[in-house]
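One structure is given here, and the rest of the page talks about it.
Heavy atoms only: backbone and side chains are in, while hydrogens, waters and symmetry mates are out. Lettering of chains follows the sequences in order, A, B, ..., and the numbering in each one begins at 1.
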Amino acid sequence: MSETVKVLGISGSPRRHGNTETLLDAVLEGAREAGGDVEKVVLRQLDFTSCRGCNACHRTGVCVISDDLTAVLEKITAVDVLVLASPIYSMGITAEAKGLIDRAQYFWARKFILKNLYFTDEHIRHHKGIFVSTAGLGWENVFDAAFPALTAFFNTTGFEYWDNVIANDMDRYGGVGGHPTALAEAREKGRSVVVLIRKMQIAEEPGA
Amino acid sequence: MTIDVLAFATSPRRHGNSEILLDWVLAAMEEQGAAVEKIVVAEADIRPCRGCNVCETLNRCVQRDYMDYLHDRIIAADCIILASPIYCMGLCAQAKALVDRAQVFRSRKYVLHLPIVPPERKGKRVGIFLSTAGQNWDYVFDAAIPSVKCLFHVVDIRNTDIRYLMVNGVDEKGAIERHPTAKADAAALAREVVRHLREVGVA
């Protein structure tokens with residue numbers, strides 16, 4: 001038997017239980033219903049600083065900063081599904097979410113400079129990344145500038161950028177609860193990613 | 001009247017490429033008679049936006065930190081410069097925190113419908129985005145620009161009054177010193193902006 005599918009949800013919103021965290025919770029609920037082993041981290045509860053740009057990790061592969069993010073970043077390498085949630089502030093992810101992503105620089109250094117970290121295609125296929133976001137504005141392009149940072153983050157940490165769970169126009173809907181489909185779709189997405197990974201695990205078990 | 005320039009060096013790395021680029025622009029502006037103030041954002045007490053939306057009713061931020069001072073400086077300045085390196089395809093987190101704290105201006109402008117600058121100063125402000133990136137990709141700055149535009153728009157700087165100088169392919173500290181045109185481009189940009197602000201009657 002393979003282990004259960006491990007799911008880590010990270011909330012990058014400074015506001016507790018707002019639209020984005022509620023949407024993240026729906027994804028995580030769906031994942032739990034499908035048998036996933038789910039954990040949620042709320043960045044605003046943590047004490048951390050962002051990347052200092054010192055580039056020490058380019059030589060050592062280790063971040064010089066030791067704070068609450070240290071364990072979170074290591075946890076990321078041990079899960080099958082990584083769900084990063086951030087509302088859109090000023091056309092991008094929050095400073096907290098960007099702070100987390102920038103701190104992942106040491107993975108990048110290990111991959112591309114020290115070359116002592118390598119994710120096989122199979123590893124990437126088995127590790128799915130999901131971006132959860134909400135935006136007050138109804139513009140179609142309101143998430144566009146957030147995607148490249150998420151792409152970089154999932155690439156660096158060995159996850160396939162599997163899907164987005166995003167909902168705009170929150171100001172008009174009066175919050176995610178007023179959105180006709182967002183929460184149900186989020187829950188379904190959480191369910192299906194766990195089912196998908198479980199299927200891949202079973203298919204590759206000896207004797208399958 | 002002297003042209004008032006407020007510049008944000010947001011990189012966590014002191015005297016790295018984006019700050020060098022900024023220093024070139026500021027030196028050329030000072031040569032032209034402008035008064036410049038440089039804020040080192042990573043060393044200032046600027047906390048991230050809490051997303052509480054209280055500024056939508058209070059017309060000010062609930063947080064008391066260095067933004068109290070910067071709020072007034074942002075309104076007073078004729079030219080605002082944001083200098084940020086590109087980290088993971090976006091502004092560095094320190095720059096993003098600053099941009100997000102401009103939410104108080106967005107609330108003032110779009111929710112409370114109050115003025116940011118007096119009418120006679122509208123169209124007489126310039127924003128400059130200076131950026132450097134290690135990657136050589138030509139699209140490496142694309143995802144940072146919408147957030148930069150947000151910042152400038154909410155403080156009454158129009159699209160046509162935003163200037164960009166973005167240098168890619170400079171990674172290790174000081175690499176920009178060896179760039180063939182960056183220093184000259186920075187000086188030319190500074191001269192053009194000072195000339196423009198004089199033409200519109202700022203000083």
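- The two residues Pro14(A) and Gly51(B) have their closest heavy-atom pair at CG-N, 4.0 Å.
- In this structure, the portion of Cys150(B) lying under 4.5 Å from any heavy atom of chain A is its side chain and not its backbone.
- Heavy-atom pairs under 4.5 Å with chain B peak, among Ala149(A), Pro87(A), Ala104(A), at Ala149(A).
- Residue Ile93(A) touches chain B through its backbone alone, counting heavy-atom pairs closer than 4.5 Å.
- Put simply, of Ala102(B), Gly90(B), Ala144(B), the one with the most heavy-atom pairs under 4.5 Å next to chain A is Gly90(B).
- Ranked by non-hydrogen atom pairs under 4.5 Å with chain A, the options Val154(B), Leu98(B), Leu151(B), Leu91(B) are led by Leu91(B).
- Looking at Ile145(B), neither its backbone nor its side chain comes within 4.5 Å of chain A, counting heavy atoms on both sides.
- Proximity to chain B is limited to the side chain of Ala152(A), based on heavy atoms less than 4.5 angstrom apart.
- Contacts with chain B were tallied for Ala95(A), Gly99(A), Cys54(A); Ala95(A) has the most, counting heavy-atom pairs under 4.5 Å.
- By the salt bridge (charged side-chain N to carboxylate O under 4.0 Å, His left out) test, Asp68(B) pairs with Arg64(B), sequence neighbours left out.
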Please list every donor-acceptor pair closer than 3.5 Å that links chain B with chain A, giving the two atom names and the distance for each.
{"from": "Tyr87(B)", "atom 1": "O", "to": "Lys98(A)", "atom 2": "NZ", "distance (Å)": "2.6"}
{"from": "Leu91(B)", "atom 1": "O", "to": "Lys98(A)", "atom 2": "NZ", "distance (Å)": "2.7"}
{"from": "Ala93(B)", "atom 1": "N", "to": "Asp102(A)", "atom 2": "OD2", "distance (Å)": "3.0"}
{"from": "Gln94(B)", "atom 1": "NE2", "to": "Cys51(A)", "atom 2": "O", "distance (Å)": "3.1"}
{"from": "Lys96(B)", "atom 1": "NZ", "to": "Tyr89(A)", "atom 2": "O", "distance (Å)": "2.7"}
{"from": "Lys96(B)", "atom 1": "NZ", "to": "Ile93(A)", "atom 2": "O", "distance (Å)": "2.7"}
{"from": "Ser147(B)", "atom 1": "OG", "to": "Ser90(A)", "atom 2": "O", "distance (Å)": "2.8"}

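- In this structure, chain A has heavy atoms under 4.5 Å from both the backbone and the side chain of Ala97(B).
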